[in-house]
Amino acid sequence: GLGNLLASGAFEAIASATGTGSSGTITFSSISGTYQSLQIRALFRPSTNDAIYMRLNGSTTTIYDRHYLAGDGASVFAGGSASADKIFLDPYTYPSSTMPQVMIVDIHNYASTTQNKTVRCLTGTDLNGSGGIALNSGLYRSTTAITSISFTLIGGANFDTSSTFALYGIKGA
């Protein structure tokens, strides 16, 4: 179980990043291929309400697919997109400069050179009486090992200085 993974030291901190207040992108690069999976944990506030997406290896070609199941307390939403140039990771309602979004992103078999990569993201934001939560999944249709991950706010907002992203490697059994 997860308790055994944590107790055995299976999670290893790789890198962390903090928002600058003047950039809407956080990038982890030169990621070692020595882990079984990667996990990113983030809490962030955009300078204005904005959605977030991720790209792998800097690829802007249409090799990403995405599915989501989301809710806002009153309604449930589901959908997806194929052949996109990014994977959206929003919780259906966008965070604001005062209300953060939190997310945990898992990337499985990221170092494989024979398999496409899958991404899973659990994310949510509370807007003080409203908000949303979503389970997003993504497919990166590439057999290239992932060595860089970027998170970008799509509408031109910036990550404020309280925004934190942490990258962890998960060791094999």
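- By the criterion of side-chain heavy atoms lying less than 4.5 angstrom apart, applied directly or through intervening Ile, Leu, Val, Met, Phe, Trp or Tyr residues, Ile31 is not grouped with Tyr168; the two fall into different hydrophobic clusters.
- A side-chain hydrogen bond (donor to acceptor under 3.5 Å, both in side chains) with Asn109 holds for exactly one of Gln36, Lys117, Gln115; it is Gln115.
- Residue pairs that meet the salt bridge (charged side-chain N to carboxylate O under 4.0 Å, His left out) test with at least one member in residues 154-168, sequence neighbours left out, do not exist here.
- A distance-only check finds no donor-acceptor pair linking the side chain of Ser81 to the backbone of Ala84 [under 3.5 Å].
- Ile149 CD1 to Leu56 CG: the interatomic distance, rounded to the nearest 0.5 Å, is 6.5 Å.
- With sequence neighbours excluded, no residue forms a side chain to side chain donor-acceptor pair (under 3.5 Å) with Thr125.
- Not one N or O on the side chain of Ser37 forms a donor-acceptor pair closer than 3.5 Å with the backbone of Ile170.
- Looking at every heavy atom in both residues, Ala145 comes nearest to Ala111 through CB-O, 3.5 Å.
- Grouped by direct or indirect side-chain proximity (heavy atoms under 4.5 Å, Ile/Leu/Val/Met/Phe/Trp/Tyr only), Leu127 sits with Met99.
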side-chain contact (heavy atoms from CB on, under 4.5 Å) evaluation trace for Ile52 with Met103: CA-CA 11 Å; Ile52 189 170; Met103 66 183 185; 3.8 Å; yes
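- Checking Thr25 against Thr152 by side-chain atom types alone, a donor-acceptor pair falls below 3.5 Å.
- Separating the CG atom in Leu89 from the OG atom in Ser137 is a distance of 10.5 Å, to the nearest 0.5 Å.
- With a 4.5 Å cut-off between side-chain heavy atoms of Ile, Leu, Val, Met, Phe, Trp and Tyr, the cluster of Leu43 takes in Val102.
- Summarising the geometry, atom OG1 belonging to Thr61 is positioned 11.5 Å from atom NZ belonging to Lys86; distances are rounded to the nearest 0.5 Å.
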side-chain hydrogen bond (donor to acceptor under 3.5 Å, both in side chains) assessment of Ser29 paired with Thr27: CA-CA 6 Å; Ser29 57; Thr27 300; over 6 Å; no
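- Here ring-ring contact (aromatic ring centres under 6.0 Å, His included) pairs that include residues 100-136, with residues two or more places apart or in two chains, number zero.
- Through direct or relayed side-chain contacts under 4.5 Å between Ile, Leu, Val, Met, Phe, Trp and Tyr, Val76 connects to Leu69.
- Applying the salt bridge (charged side-chain N to carboxylate O under 4.0 Å, His left out) rule to Asp65 yields the partners Arg141; only residues at least two apart in sequence or on another chain are considered.
- Partners of Asp126 by salt bridge (charged side-chain N to carboxylate O under 4.0 Å, His left out), not counting sequence neighbours: none found.
- Within the 3.5 Å criterion, the main-chain N or O of Thr147 finds a donor-acceptor partner in the side chain of Asn57.
- In this structure, Pro46 and Ser96 approach most closely via the heavy-atom pair CD-O, 3.5 Å.
- Listed by chain and number, the residues in a side chain to side chain donor-acceptor pair (under 3.5 Å) with Thr113 amount to none (sequence neighbours excluded).
- Linking Ile, Leu, Val, Met, Phe, Trp and Tyr whenever their side-chain heavy atoms come within less than 4.5 Å leaves Phe88 and Leu153 in two separate clusters.
- Applying the salt bridge (charged side-chain N to carboxylate O under 4.0 Å, His left out) criterion to Arg55, with sequence neighbours excluded, gives Asp85.
- Arg45 places none of its side-chain heavy atoms less than 4.5 Å from the side chain of Ser97.
- Of all heavy-atom pairs between Ile40 and Ile107, the closest is CD1-CD1, 4.1 Å.
- Using a 4.5 Å cut-off between side-chain heavy atoms of Ile, Leu, Val, Met, Phe, Trp and Tyr, with links allowed through other members, Tyr53 and Tyr94 fall into different hydrophobic clusters.
- Asp72 meets the salt bridge (charged side-chain N to carboxylate O under 4.0 Å, His left out) test with no other residue; sequence neighbours excluded.
- When every heavy atom of Cys121 is checked against every heavy atom of Val105, the shortest pair comes out as SG-CG2, 3.8 Å.
- Residues Asp90 and Asn136 approach most closely at O-ND2, 3.4 Å, considering heavy atoms.
- Clustering ILVMFWY residues whenever any of their side-chain heavy atoms sit less than 4.5 angstrom apart, transitively, puts Met54 in a cluster other than the one holding Tyr68.
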From CA spacing to verdict: side-chain contact (heavy atoms from CB on, under 4.5 Å), Asp106, Val119: CA-CA 6 Å; Asp106 292 300; Val119 174; over 6 Å; no
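- Here the shortest heavy-atom pairing between Arg120 and Leu135 reads CG-CD1, 4.0 Å.
- Checked by atom type and distance alone, the side chain of Ser47 pairs as donor or acceptor with a backbone atom of Asn158 at under 3.5 Å.
- Hydrophobic clustering of Ile, Leu, Val, Met, Phe, Trp and Tyr side chains at less than 4.5 Å, counting indirect connections, unites Phe28 with Leu38.
- Residue pairs meeting the ring-ring contact (aromatic ring centres under 6.0 Å, His included) criterion with at least one partner in residues 114-161, sequence neighbours excluded, are Phe44-Phe159, Tyr64-Tyr140, Phe151-Phe165, Phe159-Phe165.
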